[in-house]
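Here is the structure we will look at, set down as structure tokens.
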Amino acid sequence: MFKYIRGLFSRDLSIDLGTANTLIYVRDQGIVLNEPSVVAIRTQGNQKSVAAVGLDAKRMLGRTPGNITAIRPLKDGVIADFLVTEKMLKYFIGKVHENSFIRPSPRVLVCVPCKSTEVERRAIRESALSAGARDVRLVEEPMAAAIGAGLPVQEAVGTMVVDIGGGTTEIAIISLNGVVYSDTVRVGGDRFDEAIVAYVRRTQGSLIGEATAERIKQEIGAAYPQKEILEIDVRGRNLAEGVPRSFTLNSNEILEALQEPLSMIVQAVKSALEQCPPELASDIAETGLVLTGGGALLRDLDVLLAEESGLPVIIAEDPLTCVARGGGKALELMDAAGNADLLSTE
Amino acid sequence: MSVGPGPTLKAARQAMNVEPREVADALNLPLNIVEAIEENDFAQLPNPVFARGYVRSYAKLLELDPDPIVQQFPMPAEQAVTENSMSIERPSPFAAIAATAQRLVREQQQLVVVGGAIVGGLLLVMLLVWLLGDSEAEAAETSPAPTASTSQAATAAVAPIDAASATLAGERVVVSSLTESSDADGTVSQRLDAGDGSMLFEFTDECWLEVRAADGQVLYSDLGKPSRPLKFTGTGPFSILLGYAPAAKLQFNGEAVALAPHTRNNVATLVLGQ
């Protein structure tokens with residue numbers, strides 16, 4: 001009853017609870033929050049308290065003193081630390097409702113990886129409920145991504161979505177508001193960063209942090225040989241000498257570093273095409289596959305996939321926010337026509 | 001069919017000396033789609049979302065900045081999306097109810113805001129009244145005076161008959177007489193009764209002073225300031241209380257009175273003029 005009254009003062013939210021970033025979409029307002037999924041926990045004796053969430057906490061990653069740990073409560077697209085996820089969600093929901101003095105109790109739609117287990121889904125649902133949501137709906141991430149990209153999901157036409165997130169890559173073939181085939185590979189932006197860290201360690205004998213690796217990936221990372229070779233200066237700790245050293249990396253080296261995770265994505269796309277029913281395969285061959293998620297911003301990833309799969313590959317507009325926007329639209333559709341086949345509820 | 005990215009792309013392709021066939025191969029698109037894009041023949045193209053994607057890839061292939069070219073494409077993605085969801089978003093009773101509920105919520109929120117503003121305004125007014133009222137009262141206290149001479153005259157007249165009644169008036173005169181009979185050196189004098197004994201208080205620090213008549217009536221009570229010596233005229237007896245005796249000097253009829261014997265814990269109590 002109270003939740004209902006509080007609900008009147010809250011807004012419906014669509015949350016893309018990603019490994020790297022959490023996005024919140026509010027109806028009529030668009031994306032209102034886009035922050036890293038990082039929480040900094042301060043330990044005092046036996047007591048733990050939240051020191052920072054989101055951007056502030058991300059700045060602390062790898063730079064914390066002994067009593068603060070900056071952690072990412074989601075791993076591979078699912079909850080790794082239940083309590084911390086709950087705290088983070090509570091903070092984000094509060095932040096979206098900053099100017100209301102009644103404790104918010106919104107309806108929430110959360111996107112989940114399609115290969116997540118029942119236990120993982122329940123964990124997400126429970127933590128959203130304990131973060132104050134009055135009603136939680138789950139939608140599969142590639143479905144939300146497809147809706148967000150504006151694909152004709154409700155038609156009897158097959159469309160293929162590849163959503164490359166921070167922790168996972170979701171591949172799905174969608175037709176008639178349903179997922180025909182889906183697969184999740186635990187490769188994403190994080191794996192790209194790790195691959196760069198490992199490569200630099202191997203070839204330069206230096207250790208760099210994840211944040212530096214991410215910067216290298218964003219600035220010169222590419223998935224396909226470039227005509228123009230880009231360079232970047234980075235600093236890392238030399239393993240032999242133990243002191244920080246500066247060195248230069250170029251885009252071809254990063255391309256080499258990314259080979260392994262990229263080939264896993266290519267393999268997954270190929271196996272999805274193999275297992276696709278022939279009618280849908282012909283639809284996909286005609287229209288092509290759509291890339292969404294932060295990974296789609298990797299330079300020339302579409303060219304690589306187009307060459308490997310022989311299909312036209314397009315990048316959705318504003319790929320980072322596709323999932324959250326799609327979730328928001330799914331909520332609207334659900335209200336408009338009780339279109340329940342999009343959503344899973346218990 | 002004049003508006004669209006087609007001509008730009010075609011010109012760029014010709015400038016680079018590339019055949020449509022090669023473009024089609026590079027993008028894995030059928031040749032007719034590439035040609036349709038160049039001709040701005042939107043009927044030939046599939047769903048606008050895909051078509052925009054093709055235009056973007058094409059622009060990238062020709063090393064052009066994709067965003068302005070995609071902007072030229074006539075159907076924006078949002079519009080395409082609403083068109084797609086049209087079939088689902090038909091007006092249903094649920095939608096109507098949802099809309100009404102939303103409107104109600106909005107009105108409620110407005111009410112909360114308006115109510116808050118009114119309450120806030122009232123509080124502000126009350127605060128102002130309180131503050132202003134306070135300062136007016138202060139003003140009245142600090143600017144006393146003009147009644148002084150008459151009431152002092154009255155005191156003088158009444159005093160000889162009855163000391164007690166004089167003290168009553170005297171109490172009232174306390175402040176007013178200050179200005180009336182201030183000496184050149186700033187000494188404040190005050191007549192307490194008909195007698196002509198005089199008490200002079202001088203202070204080196206703030207000190208509470210209370211002068212009472214024999215029957216316990218309070219004749220004077222106020223904080224003595226270092227810059228304001230106080231002079232009282234009368235015969236007494238008066239009982240005197242000094243809140244901080246070390247800071248006070250007392251002369252009675254021109255003779256200094258030692259306060260130390262009467263002082264305990266810095267508070268001096270003594271009786272003068274017996």
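Naming: A, B, ... by sequence-line order, numbering from 1 per chain.
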When rounded to the nearest 0.5 Å, the distance separating CZ of B/Arg52 from CD1 of A/Ile315 is 14.0 Å

Might you confirm whether atom CD of A/Glu279 has over 12 heavy atoms from other residues, nucleotides or ligands at distances under 6.0 Å? no

Taking distance alone, no hydrogens or angles, what donor-acceptor pairs closer than 3.5 Å link side-chain atoms of residues 286-293 of chain A to residues at least two apart or in another chain?
| from | atom 1 | to | atom 2 | distance (Å) |
| --- | --- | --- | --- | --- |
| A/Thr287 | OG1 | A/Asp283 | O | 3.1 |
| A/Thr292 | OG1 | A/Asp163 | OD1 | 2.9 |

By number, which residues in residues 299-314 of chain A have some heavy atom less than 4.5 Å away from chain B? A/Asp300, A/Asp302, A/Ala306, A/Glu307, A/Gly310, A/Leu311, A/Pro312, A/Val313, A/Ile314

With a 6.0 Å cut-off (strictly less than), is the heavy-atom count around CG of B/Asn17, excluding the residue itself, greater than 12? no

Inter-residue atom distance B/Phe50.CZ - A/Leu151.CG, 0.5 Å rounding: 5.0 Å

Just checking A/Gln29: does its CD atom have more than 12 heavy atoms from other residues, nucleotides or ligands closer to it than 6.0 angstrom? yes

Does atom NZ (A/Lys270) have a neighbourhood of more than 12 heavy atoms from anything else shown, all under 6.0 Å? yes

Which residues in residues 21-34 of chain B have any heavy atom closer than 4.5 Å to a heavy atom of chain A? B/Leu27, B/Asn28, B/Leu29

Using non-hydrogen atoms and a limit below 4.5 Å, what part of residues 116-126 of chain B faces chain A? none

